[in-house]
Amino acid sequence: MMQQKDVVSQKVNNHSQDDINPEDILKILDEHSEGMGSLIAVLEDIQIKYGYLPEKALRIVSEKTNRSLVDIYGVATFYKFFSLHPKGKHLICACLGTACHVRGAPRVVAELEQQLSIKAGQTTEDKEFTLETVNCLGACALGPVVVIDGHYFSKVRRSNIKQLLDKAREGFDKVDIGKDERIFPIEVSCVHCKHSFKDEEFSIDGYPSIGLNAAVNGKKGRVRLSSLYGSYNVSTEFEIPQGMVVSFTCPHCNAEISDVSECPDCGAPLISMLVKGGGAVRICSRRGCKNHMLDLV
Amino acid sequence: MIKLTINSLDVSVEKGTTILEAARFLGFPIPTLCHMEGLSSYGACRLCVVEIGEGPRAKLVSSCTYPAEEGMKVRTASARVLKARKMILELLLASCPQSKTIQDLASAHGIRQQRFKQEYEDCILCGLCVRMCQEQMMAKAIGFRNRGEKRSIGTPFDVKSDICRLCGGCMYICPACQLRCTYNEPQKAICGGCANLTPPCVDKEQFDDMMCYMDPCVACEIKKD
Ligand code: FES
Ligand code: FES
């Protein structure tokens, strides 16, 4: 899930120095009022909000917490997670660890630098790409590894790079399906009546979809989800605005399929479905929230 | 009170005393670079290493940060300590060969030649200025930034700090920015003038604009007569 969160956090940027609202920073500070220990948490929230740590924001934090600016600056520059410069829309992380290095990572990085005409650590002028290097991602056997917007690419060669960058510009959520091993079809059924939700008549991503009845704001209709675990493609019969919490019912027994738990990301109720072969999958009922989890037994 | 032995001499000190303080109390010299009375100990330069423990469990620790413990056996000048100290000095000298303080320490420890590539850094990251600014000047205008090989000392965002009162305490205390008098010797030479009382200005031709920090200066004393 961490991976998804990263992607989301990297997309919300492109603020310039000026549109920092002191109120927002104060709000973040209020949420972490436990005192001195919460600096990193505060900085984390600012970084997620703006995509980087604006100087003005750090000055506000220093003023409000009575902490010297140099301490805050020290922490902000110590951790690689924090950035003092706005990042591009897409984050490219190329591994230059030992294993990747001997498998030709420097050439991959050089190629990336050339195609984007930036140096590692910089952002392209159009604010599309930020290129960073890391020292080992823990996937050495797959090296050279390049991570773009949270998607891992293994055994990257110089000749692949153009293609990867083009794909990144388009966005990965559309493409990957079918080639990515982390995406696989599942068949799910109702927790109450145990009937399968499989909708043979309607396919998404080339697989029969998961058909559910949905209701928002008094409107009712059919919602079909992709049965590929990891794909977010959906088809709805009526317009569901982004961010709305949808209540789902089983098309067979009409019982509501909600779960007691809440989405750890957005707080909306999770809905749970049984997975054929054992286990359950829980997805967030908020339109646009991509939280999902699979518990296999 | 805590009892310990330093170079086989028994001494009892109060709880919380560091090995360095105990050794100095007994009169054993331990060279230091990043330690200064009135500032907290930081343990950055490692020059003050001493050996504690016995047999295979003996280890080197920095005496300026290590508190004395009951029954501890400390050696301040064992072969291992001297070797380590010399190496530390050589490395410090390689990063800041122009620093008078480091040159003096090096020649005092019998280093006669520089083996490593000279970097001419302007900072050894001893943190004295940071502590000076924070603890004595109550300002906190400068601090450490970044990490690893990019670590540096300076103001946030590299702009003039509004807290800084230009007191100059950081420059006063800095061991790296006191330049040594190179005279016309090659950069790589180790001056040693102060250690063996042969400052370059004594027997070499007159060099008026030389900065000299020796106090009292042997050359000047000789010339006076
Ligand atoms: S060296 Fe690249 S993943 Fe380990
Ligand atoms: S004086 Fe002890 S480490 Fe520098």
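Here is the naming used below: chain letters follow the sequence lines, and residue numbers restart at 1 for every chain. Predicted, not measured: the structure shown is a model, and the values here were computed from it.
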B:R145 charged N/C atom sitting above A:Y73 aromatic ring, 6.0 Å / 45°: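 No.
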
Part of A:L58 within contact of chain B (heavy atom distance under 4.5 Å):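 Only the side chain of A:L58 comes within 4.5 Å of chain B.
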
Neighbourhood of chain A inside residues 124-132 of chain B, taking heavy atoms under 4.5 Å as contact: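 Against chain A, none of the residues of residues 124-132 of chain B fall inside the cut-off of heavy atoms under 4.5 Å.
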
Inter- and intrachain pairs under side-chain hydrogen bond (donor to acceptor under 3.5 Å, both in side chains), touching residues 113-124 of chain A, at least two apart: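 Residue pairs passing side-chain hydrogen bond (donor to acceptor under 3.5 Å, both in side chains), neighbours aside: A:E111-A:Q115, A:T123-A:T130, A:T124-A:D126.
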
Given a strict heavy-atom distance threshold of 4.5 Å, which part of [X] is in contact with chain A: side chain, backbone, both, or neither?
X	result
B:I142	backbone
B:A139	neither
B:F157	both

Listed partners of B:K150 passing salt bridge (Lys or Arg N to Asp or Glu O under 4.0 Å), at least two apart: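 With sequence neighbours excluded, B:K150 shows a salt bridge (Lys or Arg N to Asp or Glu O under 4.0 Å) to no residue whatsoever.
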
A:R169/A:D166 ion pair, N-O < 4.0 Å: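 A:D166 and A:R169: salt-bridged.
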
Which atom of B:A141 lies closest to which atom of B:C133, heavy atoms considered: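 Scanning both residues, the minimum pair turns out to be N-SG, 3.2 Å.
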
Heavy-atom check, side chain of B:M36 versus side chain of B:I173, under 4.5 Å: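 The answer is yes, as the side chains (C-beta and beyond) meet within the 4.5 Å cut-off.
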
Side chains of A:R67 and A:S62, donor plus acceptor under 3.5 Å: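 No donor-acceptor contact under 3.5 Å links the two side chains.
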
Which donor-acceptor pairs under 3.5 Å do the side chains of residues 84-96 of chain B make with protein atoms, sequence neighbours left out?
{"from": "B:R85", "atom 1": "NE", "to": "B:L47", "atom 2": "O", "distance (Å)": "3.3"}
{"from": "B:R85", "atom 1": "NH2", "to": "B:V49", "atom 2": "O", "distance (Å)": "2.9"}
{"from": "B:R85", "atom 1": "NH2", "to": "B:T76", "atom 2": "O", "distance (Å)": "3.1"}
{"from": "B:E90", "atom 1": "OE1", "to": "B:R115", "atom 2": "NE", "distance (Å)": "2.7"}
{"from": "B:E90", "atom 1": "OE1", "to": "B:R115", "atom 2": "NH2", "distance (Å)": "3.3"}
{"from": "B:E90", "atom 1": "OE2", "to": "B:R115", "atom 2": "NH2", "distance (Å)": "3.0"}
{"from": "B:S95", "atom 1": "OG", "to": "B:L91", "atom 2": "O", "distance (Å)": "3.3"}
{"from": "B:S95", "atom 1": "OG", "to": "B:L92", "atom 2": "O", "distance (Å)": "3.0"}

